[in-house]
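These notes are about the structure you will find just below.
Positions are given from 1 along the sequence. The figures here come from the full heavy-atom set of this structure, side chains too, leaving out hydrogens, waters and symmetry mates.
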Amino acid sequence: MPFIQRLLLQLFPTPRRAVRWIDALPLAVFFALFAATCVGLEWGGVLLFARPAALALAVFAAWIWWLHVAGYAGLPRLRGQMAFWTRLGLFSLMVMVLAE
């Protein structure tokens with residue numbers, strides 16, 4: 001197996017169960033909330049982003065979502081959901097801090 005293919009399989013493991021389109025709903029909700037928060041903070045003058053291009057790092061939230069959906073956290077359903085939203089929240093704060 002070529003190196004690139006092995007690397008991709010390590011970063012995006014095959015899911016333990018079938019992934020459905022409805023499983024992407026939390027990711028869509030996250031992106032909507034993240035965008036609304038960033039726009040609201042900017043327009044309200046609460047936080048001015050000096051490097052708005054850093055907000056593009058938010059696309060890496062899809063990787064966090066994939067690991068959650070693939071089922072490799074090993075947590076029960078409720079704890080898995082809590083861990084997923086906590087990870088997304090911390091990730092979004094990190095992206096906002098990088099955007100200053």
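Taking CG from L90 and CD1 from I64, the interatomic distance works out to 9.0 Å, rounded to the nearest 0.5 Å.
The hydrophobic cluster containing V59 does not contain V39, counting ILVMFWY residues as joined when their side-chain heavy atoms lie under 4.5 angstrom apart, directly or transitively. Linking Ile, Leu, Val, Met, Phe, Trp and Tyr residues whenever their side-chain heavy atoms come within less than 4.5 Å places F49 and V46 in a single cluster. The cluster map of Ile, Leu, Val, Met, Phe, Trp and Tyr, joined by side-chain heavy atoms under 4.5 Å apart, puts L7 and F60 in the same cluster.
Nearest heavy-atom pair, V95 versus F34, reported as atom, atom and distance to 0.1 Å: CG1-CZ, 3.8 Å. Residues F31 and A58 come closest through the heavy atom pair CE2-O, 3.3 Å. Minimum interatomic distance between F30 and L88 (heavy atoms only, all atoms of both residues): CE1-O, 3.7 Å. When all heavy atoms are compared, the tightest approach of A24 to W65 is CA-CZ2, 3.7 Å. The two residues L55 and A99 come nearest to each other via the heavy atoms CD2-CB, 3.8 Å. Closest of all the heavy-atom pairs between L33 and T37 is O-OG1, 2.7 Å.
Around atom CZ of R51, no more than 12 heavy atoms belonging to other residues, nucleotides or ligands sit under 6.0 Å away. Atom CH2 of W85 sits in a crowded spot, with more than 12 heavy atoms from other residues, nucleotides or ligands closer than 6.0 Å. In the displayed structure, M82 atom CE is contacted under 6.0 Å by at most 12 heavy atoms of other residues, nucleotides or ligands.
For the pair H68 and R87, the minimum side-chain heavy-atom distance is 4.5 Å or more. Looking at M96 and L41, their side chains come closer than 4.5 Å, going by heavy atoms from C-beta outward.
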- Message: Working note: E42 + L47, criterion side chain to side chain contact (heavy atoms under 4.5 Å, CB included); need CA distance, chi angles, decisive distance, verdict.
- Response: CA-CA 5 Å; E42 180 76 30; L47 186 63; over 6 Å; no
